[in-house]
Amino acid sequence: MPDIAFVKPTLPRSGALVLPLAEEATLAGLAKQADEATGGAISRGLEAAKFKGRKGQSTTLWAPGAGLSKVVAVGLGKPADLAEAGAEAAGGALLGAVAKEREAVVAADGLAPGLAACLAMGAVLKSYRFDRYRTTEKEDDKPKIERIAVAVSDTAKAKAAFAPLQAVADGVFLTRDLVSEPPNVLTPTDCADRCKALTKLGVEVEILGPKEMKKLGFGALLGVAMGSAQEPRMVVMKWNGAPKGKKGKPLAFIGKGVTFDTGGISIKPAGGMEDMKWDMAGAGTVIGLMAALAGRKAKADVVGIVGLVENMPSGTAQRPGDVVTSASGQTIEVINTDAEGRLVLADVIHYCIETFDPRFMVDLATLTGAIIIALGHEHAGLFSNDDTLASRIEAAGRATGETAWRMPLGEAYDKQIKSDIADMKNVGGRPGGSITAAQFIQRFVQNKPWAHLDIAGTAWSSKDTATTPKGATAYGVRLLDRLVAEHYEG
Amino acid sequence: MAFGCSTAWSPNTTRAERARVIAVRFRRGAPRPETPCIVPLAEGATPPRALAPMLAAARFTGEAGAVVDLPGTLRWLVVGLGSAPDAAACEAAGAAAALAVGAAEELALSGAGLDPAAVASVAAGIALGAWTFDPYRSRDVPKRIRRVIVHADDPDAAEAAFAQVAPGIAGCLLARDLVAEPANHLTTRRFAERLEALTEDGIEVTIHGRKWLERHGFGALLAVGGGAADPPRLAVLRWRGDLPLPPVALVGKGLVFDTGGISIKPAAGMEAMRADMAGAAACAGAMLALARRRSPAPAVAVLAIAENATGAKSYRPGDIIRTASRRTVEVIDTDAEGRLVLADALHHAISAFRPRAVVDLATLTGSIVTALGHHRAGIFGTDAALMASAAAAGEAVGEPLWPMPIGPTHRAVLDSAIADLRQCAPAGSGAWGGRFLPDACHAAAFLREFVGATPWAHLDIAGVDTAEEAHALGPAGPTGFGARLLDRLVALRFEAEP
């Protein structure tokens with residue numbers, strides 16, 4: 001992650017200079033100084049390159065003079081439409097253009113301090129790279145950028161605006177790391193151990209193993225873990241940020257953490273199975289979210305709980321036809337061992353209610369392929385028994401570009417998971433597959449305000465986007481951080 | 001007055017079709033002893049004194065849809081209306097009672113203590129629940145309900161209220177009749193003839209055949225219908241109304257059978273593909289409803305009728321076809337044919353009639369079934385107000401919708417390397433080893449390319465056109481989903497000048 005510094009607008013004598021420019025903007029401030037210092041080379045170059053400042057447009061001028069190695073112009077679009085997302089996207093675009101420089105100066109002196117901070121955030125988010133396992137990469141192919149100096153008129157304001165964003169970016173990077181890690185490295189135990197690092201930020205971390213979970217009656221979660229040589233874990237993370245006198249019920253975020261999902265005895269087809277290393281993205285998101293909230297010292301009491309298991313086929317694995325008793329006492333007929341995420345969530349949610357009696361719960365899970373067939377990769381599926389909570393999540397999603405699309409719940413769908421032998425079965429057939437999964441979870445929420453985000457389509461991206469390199473997206477960290485910031489602090 | 005709430009019939013109509021009429025009559029007085037009598041009761045309502053002990057013993061509380069069958073010299077079927085007996089609850093109660101009756105030719109309905117609108121709704125529910133489809137049984141044909149005698153406190157008012165709802169029922173039952181027909185009987189030609197019969201009700205019907213389609217460049221419809229022995233048809237139904245406004249356009253997918261074509265479907269369950277014309281059937285039903293109730297709103301239905309067969313003249317994956325809008329489309333999967341015929345039909349509806357709004361209905365994708373199951377249809381579109389009205393209409397008539405998105409990524413996958421558009425994303429190009437594609441969203445994004453600026457909504461009804469089991473408003477089989485919804489949508493939104 002490059003260092004971000006906010007500096008007074010002074011013309012650099014060397015290196016790269018970035019000019020974020022809106023449509024039909026004339027060069028002003030630092031950009032104008034640079035143009036003058038280069039004898040008008042910049043304005044001539046931009047005109048020759050037909051740079052119009054359109055959103056997503058980017059032009060590089062090499063060695064324009066005045067000692068500068070390059071000038072990069074990035075488009076901000078129409079000035080009237082410029083908002084956080086546009087500034088972030090421009091930040092993402094500029095990062096690509098200066099990645100091979102050690103340092104770059106961004107002439108953001110024409111932008112409001114808040115937007116300059118967003119621009120820096122975009123650059124930071126786009127700089128993510130998971131290269132821990134590359135040992136032979138050529139030095140030339142590696143990005144070099146170490147420092148981005150954002151020139152603004154009011155450095156204090158921009159710094160203040162960026163500080164919480166930096167914490168959120170740290171959380172996003174943590175999530176992306178966890179989700180990117182291969183499943184032979186990131187086992188349930190390993191993932192739980194990594195959560196301990198959050199204590200440095202002031203998060204209380206408690207780790208429960210199979211013994212403790214057995215005592216709590218976690219028959220559903222333990223059933224999933226049965227087939228694996230890896231022990232399951234549940235991690236409870238508490239951030240107590242609410243000021244004294246404003247303590248109340250905590251907010252709760254719950255994540256599905258299947259560190260690898262073979263499907264178990266109901267084994268998955270081989271094609272694409274490697275993707276199942278990110279079947280713990282719900283948990284990864286909750287862990288990153290807790291880091292973000294603690295990192296920016298959010299004024300709220302928040303608990304994050306993740307259920308970590310590996311779903312393997314083996315002689316000790318759970319079978320289709322098994323009936324398990326969940327922590328809530330409700331029994332579940334396991335029809336398909338590949339519908340394991342909801343089994344994990346059932347016990348964790350029950351524990352969360354019994355232990356914390358939260359104000360609301362949001363669970364995140366890469367739960368169903370059906371949600372991809374329903375919505376694709378643009379939106380997560382949002383299911384909720386609480387319209388206020390749901391509309392707040394939708395709004396936070398729009399604001400952060402991590403959008404959620406509301407999906408229906410209802411009694412007719414609930415009937416699909418009736419079992420002949422137990423209280424419910426763990427699959428309801430193909431029709432409405434994501435809805436019946438949500439109905440299953442809803443049977444454990446005891447009518448508390450609850451929302452479920454099915455992030456199977458959004459946790460991983462096969463393409464680069466404006467601020468996210470392909471791979472783990474950390475979808476949900478920014479959305480839920482925004483949800484907390486907008487409605488539950490102060 | 002006897003009120004037939006029947007399917008449209010004309011000299012063209014077969015005797016079997018004409019026989020499937022349910023007559024609803026309104027009277028004062030008590031039912032005849034040999035006629036089973038339906039008694040609707042709200043929660044907390046006082047039951048008739050003679051029935052009170054039996055109902056108490058059966059623990060009947062008036063719960064919505066609960067039926068208690070009390071056999072005897074006079075057979076009573078008491079049905080619960082629930083605590084809030086609105087129109088939907090009354091219809092569901094009527095349907096539940098009709099489904100519980102079994103073999104009978106005549107039913108009585110006791111409307112004592114109910115207001116005329118509630119009586120009419122229960123009667124409407126009986127007509128929906130009593131629908132059967134037996135023209136192809138040659139022996140042991142079960143008795144079916146032919147007459148409903150409604151005994152109401154104010155028979156004239158009840159009859160007048162029923163006259164308001166009966167057109168929608170007639171439309172729904174027409175749609176069910178058409179959807180139930182097997183594909184060797186309801187060929188493209190025969191479907192067109194059945195639609196021509198709607199002229200009896202004052203609807204103008206134009207059927208465009210292959211030559212006309214060729215002359216006007218309907219390349220998509222011709223390609224999809226090319227492999228079949230029976231040629232494709234474009235049916236245009238017009239109801240003039242009396243408002244001096246452009247019409248609202250209804251566009252329906254009418255694949256009388258869908259083998260999938262060269263991209264042939266698996267054998268299991270393929271027989272259900274006779275219902276792949278349910279969108280067109282619903283539009284036809286809605287037009288009948290508008291005509292029967294003499295809606296002031298001008299309306300036009302454009303129905304794309306074809307059979308997607310495998311044959312020597314079938315279109316192929318990789319073909320490029322030129323649609324009626326002149327835009328070219330690369331065919332990826334011949335089983336994604338619905339969006340192709342709709343592209344031509346939407347273009348015709350918009351270019352020939354300049355409608356106020358266009359709503360299309362289609363059994364379009366398996367994806368929508370995975371998304372929403374069998375309890376809601378998906379609605380996509382470009383006009384939030386139109387979509388909200390459609391959803392409200394659906395809730396009112398028991399045909400619920402759920403909004404679904406069309407986003408930039410859904411459109412982006414339709415870029416073709418060789419034509420203006422490709423028709424869908426290739427199989428295997430989805431997530432997780434290629435298995436998961438949001439095809440319903442892709443299909444909607446494809447259709448949007450052909451509607452321009454006209455306010456548009458698209459209903460993907462693939463999950464709701466046929467019910468595997470008896471449902472709230474009818475038996476297992478075709479539901480007629482969409483006919484009543486569209487009729488109600490027109491009533492809510494298009495019968496006043498803006």
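Protein chains get the first letters and strands the later ones, always in sequence-line order, with residue 1 at the start of each.
- Taking both residues in full, the closest heavy atoms of A:Ile372 and B:Ala431 are given as CD1-CB, 4.0 Å, listed atom of the first, atom of the second, then distance.
- Nearest heavy-atom pair, A:Pro431 versus B:His374, reported as atom, atom and distance to 0.1 Å: CG-NE2, 3.4 Å.
- With a 4.5 Å cut-off on non-hydrogen atoms, A:Gln416 touches chain B through its side chain but not through its backbone.
- The shortest heavy-atom contact between A:Pro269 and B:Arg435 is CG-NH1, 3.6 Å.
- Contact record, A:Arg430 with B:Gly366: NH1-O, 3.4 Å, taken as the closest heavy-atom pair.
- Only the side chain of A:Met276 comes within less than 4.5 Å of a heavy atom of chain B; its backbone N, CA, C and O stay farther away.
- Side chain of B:Ser367 to backbone of A:Ile373: a donor-acceptor contact under 3.5 angstrom is found.
- Looking at every heavy atom in both residues, A:Ala374 comes nearest to B:Ala371 through CB-CB, 3.3 Å.
- Around the NZ atom of A:Lys55, the shell of radius 6.0 Å holds no more than 12 heavy atoms that belong to other residues, nucleotides or ligands.
- Within the 3.5 Å criterion, the main-chain N or O of A:Leu375 finds a donor-acceptor partner in the side chain of B:His410.
- Among B:Gly378, B:Gly373, B:Pro405, the residue with the largest count of heavy-atom pairs under 4.5 Å with chain A is B:Pro405.
- Using a 4.5 Å cut-off between heavy atoms, B:Pro400 makes no contact with chain A at all.
- Looking only at side-chain heavy atoms (C-beta outward), B:Arg376 and A:Pro408 come within less than 4.5 Å of each other.
- Proximity to chain A is limited to the backbone of B:Leu437, based on heavy atoms less than 4.5 angstrom apart.
- Here the straight-line distance linking atom NE2 of A:His379 with atom OG1 of B:Thr409 works out to 7.0 Å at 0.5 Å rounding.
- Of the atoms belonging to A:Ala456, heavy atoms from both backbone and side chain fall under 4.5 Å from chain B.
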